[in-house]
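If you're wondering where the values come from, they're calculated on a predicted model, not measured in any experiment. We use all heavy atoms of the structure for the numbers below, so side chains are in, but hydrogens, waters and symmetry mates are not. Numbering of residues begins at 1 and proceeds along the displayed sequence. Indexing begins at 1, ligand by ligand and atom by atom, following the structure's order.
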Amino acid sequence: MKILVTGGTGYIGSHTVVELQNAGYDVVIIDNFDNSHPSVLQNIEKISGKKAIFEKLDIRNKQALKDFVSTHKDILAVIHFAASKAVGESVENPLKYYENNVGGTVNLLEAMQENGIDNIVFSSSCTVYGEANPPVNEDAPIMLAQSPYGNTKQICEEVLLDQTKASNLKTVSLRYFNPVGAHDSALIGELPLGIPNNLVPFITQTAAGKREVLTVFGNDYNTPDGTCIRDFIHVVDLAKAHIKAVEYLINKKHTSSFSVFNLGTGKGSSVLEVINTFEKVTGVKLNYKIGQRRVGDITQIFAGCDKAEKDLDWKTERDLENCMKTAWAWEKHLENNVNSQS
Ligand code: NAD
Ligand code: UD1
């Protein structure tokens with residue numbers, strides 16, 4: 001019952017490790033702490049009461065990765081989160097993204113093949129759909145990537161498909177919509193480095209006084225209130241889907257060796273709805289202004305989730321209010337623990 005989690009101290013990885021441990025799995029984590037902090041390991045243990053095996057390892061180091069995996073031949077499945085994820089940075093430094101996200105995935109697949117590990121769950125993104133008519137289902141066409149980061153997700157899906165055809169590999173690729181929120185304990189959550197690009201961390205940091213004002217990027221879109229619409233999914237709901245995906249593979253419920261699932265709520269929320277919900281559940285008045293559109297933003301997207309519900313027996317349980325409540329509790333935890341997190 002051993003699962004290898006790459007990037008397991010990151011935002012989604014840490015929540016998934018907790019859910020795996022709660023479900024009775026033994027977890028092996030590898031991470032290089034490029035975008036996470038060692039204290040996450042203690043906090044995972046505080047929540048689940050269980051210790052994961054941890055190895056500080058960079059998946060770009062092929063030999064070290066192979067050596068490590070060869071000492072854990074009883075791994076049932078790998079959940080592969082480790083990647084770089086800043087869209088803007090990927091435009092400035094594309095080679096870093098191709099090396100880490102694509103090269104790292106190739107190294108991992110080689111290490112798995114050499115050691116007879118046949119099941120992988122991959123972190124993909126709704127970004128592969130570009131601008132499409134929502135609700136967007138898994139059979140929607142893949143659009144030209146808008147950034148090197150987005151391109152790495154598309155390329156990795158292709159690499160996984162080819163390797164699935166050529167070997168015993170079984171793959172589930174999970175296309176996340178917009179993950180937000182934090183664990184109820186407020187001990188783990190998203191750790192944005194520098195100025196956040198994403199909406200929810202920017203909201204919580206503005207409310208906490210770390211940022212002066214939140215700019216709403218455009219209110220002249222063709223939506224009911226003029227602001228963009230996204231599908232915000234609670235990270236704990238998202239984490240639970242990974243356990244379902246692992247079970248789908250190891251219990252051989254799959255009909256195809258390569259499966260793709262959307263992970264979203266199926267409901268779109270506008271930027272102003274998110275702000276209003278934050279103010280309602282926290283009682284904090286947010287300092288925000290309407291600004292220009294952000295280049296590259298699409299008007300609206302939300303997931304069609306029927307496939308995940310039917311085949312994985314999974315759907316979201318938490319609403320936007322819970323997302324905002326837990327994101328705010330996490331922001332306050334960070335404020336109180338600034339020394340241990342930075
Ligand atoms: P994160 O940055 O919090 O977690 C990624 C973890 O991987 C970090 O702990 C980082 O230190 C580690 N890592 C990066 N490069 C590594 C390497 N070479 N070797 C070992 N460890 C390495 O990101 P996240 O939000 O938890 O995202 C997890 C995955 O989900 C990523 O693949 C990301 O692209 C994908 N994804 C995220 C979102 C999102 O909005 N958060 C949306 C869609 C897809
Ligand atoms: C971002 C990523 C995408 C990733 C997705 C899910 C970019 C360009 N895209 O998409 O690759 O798959 O997250 O995590 O980073 N907004 C504001 N003010 C802000 C910040 C955001 O109004 O300060 C608006 C944006 O215009 C957008 C919405 O909030 O309409 C959500 O933005 P964001 O959280 O950055 O997510 P996405 O753009 O959907």
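The atoms of ligand 2 that sit less than 4.0 Å from any heavy atom of Val271 are 22 (O), 24 (C), 28 (C), 29 (O), 30 (O). Close approach of ligand 2 to Val216 is summarised as follows: ligand atoms under 4.0 Å from at least one heavy atom of the residue are 22 (O). Interface of Cys228 with ligand 2, defined as ligand atoms under 4.0 Å from a residue heavy atom, comprises 30 (O).
Under the 4.5 Å side-chain criterion, counting only non-hydrogen atoms from C-beta, Val78 is in contact with Leu108.
For atom 39 (O) of ligand 2, the closest non-hydrogen atom of the protein is Arg230 NE, 2.6 Å. Of the protein's heavy atoms, Arg294 NH2, 3.5 Å lies nearest to atom 32 (O) of ligand 2. In this structure, atom 14 (O) of ligand 2 lies nearest to the protein heavy atom Pro179 CD, 3.6 Å. Val87 CG2, 3.9 Å is the protein heavy atom nearest to atom 2 (C) of ligand 2. Remark: minimum distance from atom 33 (P) of ligand 2 to any protein heavy atom is reached at Asn198 ND2, 3.4 Å. The protein heavy atom nearest to atom 19 (C) of ligand 2 is Phe217 CE1, 3.2 Å.
Counting heavy atoms closer than 4.0 Å to ligand 2, residue Asp297 contributes side-chain atoms (C-beta onward) but none from N, CA, C or O. Neither the backbone nor the side chain of Val274 comes within 4.0 Å of ligand 2, counting heavy atoms alone.
The closest approach between any non-hydrogen atom of Gly150 and ligand 2 is not below 4.0 Å. Under the 4.0 angstrom criterion for non-hydrogen atoms, Phe177 is in contact with ligand 2.
Between the Glu212 side chain and the Thr206 main chain, no donor and acceptor come within less than 3.5 Å of each other.
Judged by a 6.0 Å distance limit and a 45° cone about the ring axis, Arg175 is not positioned over the six-membered ring of Phe261. Geometrically, Lys253 does not engage Tyr248 in a cation-pi contact, judged by NZ or CZ lying under 6.0 Å from the ring centre and within 45° of the ring axis.
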Take Val172 and Phe258, measure what side chain to side chain contact (heavy atoms under 4.5 Å, CB included) needs, and give me the verdict at the end. CA-CA 6 Å; Val172 168; Phe258 183 87; over 6 Å; no

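Remark: among candidates Asn178, Ile275, Asn197, the nearest residue to atom 37 (P) of ligand 2 is Asn178, based on non-hydrogen atoms.
In the displayed structure, Asn133 atom CG is contacted under 6.0 Å by at most 12 heavy atoms of other residues, nucleotides or ligands.
Taking distance alone, with nitrogen or oxygen atoms compared against 3.5 Å, Leu199 approaches ligand 2 more closely than that limit.
The ring pair (Phe, Tyr, Trp, His ring centres under 6.0 Å) search around Phe54 returns Phe33, not counting sequence neighbours.
Listed by chain and number, Gly7, Thr9, Gly10, Tyr11, Ile12, Asp31, Asn32, Phe33, Asp34, Asn35, Ser36, Leu57, Asp58, Ile59, Arg60, Phe81, Ala82, Ala83, Lys85, Asn100, Ser123, Ser124, Ser125, Tyr149, Lys153, Tyr176, Pro179 each place a non-hydrogen atom less than 4.0 angstrom from ligand 1.
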